[in-house]
> 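Dumping the structure here so I can ask a few things about it.
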Amino acid sequence: MTANPYRTAVLAWYDVNARDLPWRADDATPWGVLVSEVMLQQTPVARVLPAWEAWLERWPVPAALAAEPAGEAVRMWGRLGYPRRALRLHACAATIVQRHGGEVPSSHADLLALPGVGAYTAAAVASFAFGQRHAVLDTNVRRVLERVVNGREYPPKAPTGAEYRLAESLLPEEPAVAARWGVAVMELGALVCTARNPRCGECPVVDRCAWVLAGKPPHDGPPRRGQRYAGTDRQVRGRLLAVLREAPGPVPKSVLDAVWDEAAQRERALDGLVADGLVDPLETGDYALPS
DNA sequence: AACCCGTGGGG
DNA sequence: TCCCCAAGGGT
């Protein structure tokens, strides 16, 4: 008897349906888990897989990455998107070497203090890499709980205190089981309880799902609009950085100028990249990835 | 709290 | 086609 009526069914489902992802392998290190979690922030698993393999091959421990220029991390990041994550992962490696003896810290507080590691990632690494008991509240878990428990199609835009309390209340007592529960719910959200066209026929808790029992009422309230991309500074930044990533060395400004015709926006985007530390303006007038 | 930050695939 | 979405975080 437990306070979590879904636990047995979800864990049994995960036993059978868990994907064989390399960062879940027995020989995966905490560093490998941390790298995977940062790469998976807003980037789909399929695109992360090859990048993760290459990254861990080149930098199997934090010290290996910390010994190289930040620009190498940005280059290896490739087209995963949000390249500031590469910079932060490099800064993570430096911090781990300087403050933690080269070992990824295991406490939630120490993890949270690392650059680019927020509430979700800290909980995920503490749970998945170190077997601790933490509520991992990612987009998948939030959607599953919103449907199964609250009977609504989609959770609020940002995680609420109520959501954290709910996730905590469902967490099994034993740390190892709690960790398994967290990754299992995430997997259920990723494979079955998807944002669009959920496969309720394959769901282990469909008979206890408040949303299904209510007749799958569609999301009401304000439309969940995504952010525009075409024509934004983000698109320009992406083009500029793509040129620098693919170049073997410093690039003349004239080459960067060719990626976008509107000068004001182009300059603003380039200035932003410099301000973020993703691009170095050289004294020669050329631009390069940071050293 | 709202907005910014990349990229590509699927429905 | 176009829109939505993907293991978020920082400011």
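A, B, ... follow the sequence lines: proteins, then strands. Residue 1 opens every chain.
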> Count the heavy atoms belonging to other residues, nucleotides or ligands that lie under 6.0 Å from CD of A:Glu57, then report whether that count exceeds 12.
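Counting neighbours around CD of A:Glu57, 12 or fewer heavy atoms of other residues, nucleotides or ligands fall under 6.0 Å, so no.
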> Would you indicate which nucleotide in B:dG6, C:dA7, C:dC5 comes nearest to any side-chain atom of A:Val45?
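Taking heavy atoms from C-beta onward, the closest nucleotide is C:dA7.
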> Is any N or O donor-acceptor pair between the side chain of A:Arg196 and the base of B:dG11 shorter than 3.5 Å?
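There is none.
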> Write down the atom of A:Asp276, the atom of A:Arg237, and the distance for their closest heavy-atom approach.
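Minimum heavy-atom separation between A:Asp276 and A:Arg237: OD2-NH2, 2.7 Å.
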> When you compare the side chains of A:Gln41 and A:Tyr120, does any donor N or O come within less than 3.5 Å of an acceptor on the partner?
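On atom types as modelled, these side chains do not qualify, holding no pair under 3.5 Å.
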> Starting at CD of A:Glu187 and ending at C1' of C:dA7, how long is that distance when rounded to a whole Å?
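Going from CD in A:Glu187 over to C1' in C:dA7 covers 10 Å.
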> Looking only at N and O atoms, is any donor in the side chain of A:Thr139 or the base of C:dG8 less than 3.5 Å from an acceptor on the other one?
no
> I want to check one thing: is the phosphate of C:dG8, taken as OP1 and OP2, less than 4.0 Å away from some side-chain N or O of A:Tyr82?
no
> What's the CG-P distance between A:Asp233 and B:dG6, to the nearest Å?
10 Å
> Can a side chain N or O of A:Arg245 be found less than 4.0 Å away from OP1 or OP2 on B:dT7?
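For A:Arg245, the contact criterion (side-chain N or O under 4.0 Å from OP1 or OP2 of B:dT7) is met.
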> Ignoring hydrogens and angles, are the base of B:dT7 and the side chain of A:Arg234 linked by a donor-acceptor pair under 3.5 Å?
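Donor-acceptor pair under 3.5 Å: no.
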> Check whether any side-chain N or O of A:Arg237 sits under 4.0 Å from OP1 or OP2 of B:dG6, and answer yes or no.
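For B:dG6, OP1 or OP2 has a side-chain N or O of A:Arg237 closer than 4.0 Å.
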